[in-house]
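See structure below.
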Amino acid sequence: MHLMLNEKATPFNLEHTLDCGQVFRWEKKNDCRYGIVGETIIKLKQEGEKPIFEISQKNGDIDFIRNYFRLDDDLPLVITRISRDAIVQRAVEELYGLRIIRQDPWECFISYICATFSNISRVRGMVWNLSRRFGRKIAYDGLTFYTFPSKKSLAEATAGELLDCKLGFRARYVREAAKMIEDCDFDFEALKKLSYGEAKKQLLCFPGVGHKVADCILLFSLEKLEAFPIDVWVKRIVSNYYYGNFPEFELIRDKELTPRLYNRISAFGREYFGEYAGYAQEYLFHYYRFHSQSLKCMTVHKSVIG
DNA sequence: ACATCCCCTTAGCC
DNA sequence: AGGCTAAGGGGAT
């Protein structure tokens, strides 16, 4: 079933959106992108300004796509709001059309627990292994997909099974967190109604969920666009370009990312970029990570505000 | 070919 | 309280 986007003025770049590291289950095949969202396979292709979609469900509708890719976000407005300086503007210019994806909270929760002390390609492997072992197989276009495991199946998984999925020390976190969620019938949707701070506090109660993981879950699945996750890359970017916003920041640049420092940098992001700070984070992260060589070689650090 | 480093965040211990 | 440490597998050198 083919779908067309009507919105003429909806900037949407598939490549930047799928390759910026926010999602782990999309694959490239002959010029096309394939992804599984819930029980639905989405196939898409960028044709000029906007992507063309094909989805596996017979009565699939455009709202499904619109919801997943957050086409309800007014991206030009978001970009206006976050374009506070030349540093972000450079990233926004090159990555124009990058959108934050609205993920399923449960899948996002487990995926980012797996992302602890790891990198994107490895997380992709872990999520693939989990889905293959605990999910349901779906064939489409001659390709094989697996649905993301249910809460129950991960809560009941043995430590050995999770270790086989290459989760390493994260196996224990996934098992215990899944059990907690299954046992108390935890309601992710309820977190959407809470403030950023309240919702984060609840997520931090789960094993394997620290500040970074909680902020990613909030940003990518719980409607908290002000969340500003700090990983080593974002810390590097902020130390390089925004140190002027921190009185003693030069002393901090080589220090490890303690919870205290995390909170300071993250709070800076929310205050400086505003209600769409998470978008700023994604643009900065993807742009400067891709151009990491220039970030590393940078010897002159000019502060934005000073 | 084979070692050896590098990548990364959480939790638990003092 | 806050600094230190360990954990794991893949990719680069």
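Letters go in sequence order (proteins before strands), and every chain restarts at 1.
- Nearest to the side chain of A:T258, among C:dG3, B:dA11, C:dG10, sits C:dG3.
- Counting non-hydrogen atoms under 4.0 angstrom, A:P207 reaches the backbone sugars and phosphates but no base.
- Under the 30°/60° scheme for interplanar angles, the aromatic rings of A:F206 and A:F186 are found to stand perpendicular.
- Counting to the nearest Å, the C1' atom of B:dT10 and the CD1 atom of A:I230 are 16 Å from each other.
- Looking at the side chain of A:K212, the nearest of the listed nucleotides C:dG8, B:dT9, B:dC8 is B:dT9.
- Atom NZ of A:K192 sits in a crowded spot, with more than 12 heavy atoms from other residues, nucleotides or ligands closer than 6.0 Å.
- Between A:R236 atom CZ and B:dC6 atom C1' the separation is 10 Å, expressed in whole Å.
- Of the candidate nucleotides B:dT9, B:dT10, B:dG12, B:dT9 has the atom nearest to the side chain of A:F117.
- Judged by closest nucleotide on DNA chain B, A:N119 is the one of A:N119 and A:V213 placed further toward the 5' end.
- For A:T116, taking side-chain heavy atoms from C-beta onward, the closest of the listed nucleotides C:dG3, B:dT10, C:dA7 is B:dT10.
- Rounded to whole angstrom, the span from the CD1 atom of A:I237 across to the P atom of B:dC8 amounts to 12 Å.
- Between A:Y279 and A:Y276, the ring-plane angle classifies as perpendicular under the 30° and 60° cut-offs.
- Separating the CG atom of A:L163 from the C1' atom of C:dG9 is a distance of 13 Å, rounded to the nearest angstrom.
- For B:dC8, one of the phosphate oxygens OP1 or OP2 lies less than 4.0 angstrom from a side-chain nitrogen or oxygen of A:W233.
- Residue-level contact check: A:F206 touches the backbone only, with heavy atoms under 4.0 Å from sugar-phosphate atoms and none from bases.
- Judged by atom type and distance alone, A:R260 does not reach the base of C:dG2 through any side-chain donor-acceptor pair under 3.5 Å.
- Of the candidates A:Y287, A:F273, A:Y241, A:V88 forms a side chain to side chain contact (heavy atoms under 4.5 Å, CB included) with just one, namely A:F273.
- When rounded to the nearest whole Å, the span between CG of A:L257 and P of B:dC7 equals 15 Å.
- If you chain together ILVMFWY residues whose side-chain heavy atoms come under 4.5 Å of each other, A:W128 ends up grouped with A:Y146.
- Counting to the nearest Å, the C1' atom of B:dC6 and the CZ atom of A:R289 are 14 Å from each other.
- Aromatic stacking of A:F169 on C:dA6: not satisfied for centres closer than 5.5 Å together with planes under 30 degrees.
- In terms of position along DNA chain B, the nucleotide closest to A:R122 lies nearer the 5' end than the nucleotide closest to the other residue of the pair A:R122 and A:R172.
- If you take CD1 of A:I265 and P of B:dT9, they are 12 Å apart, rounded to a whole angstrom.
- Atom CG of A:D231 is separated from atom P of B:dT10 by 10 Å (rounded to the nearest Å).
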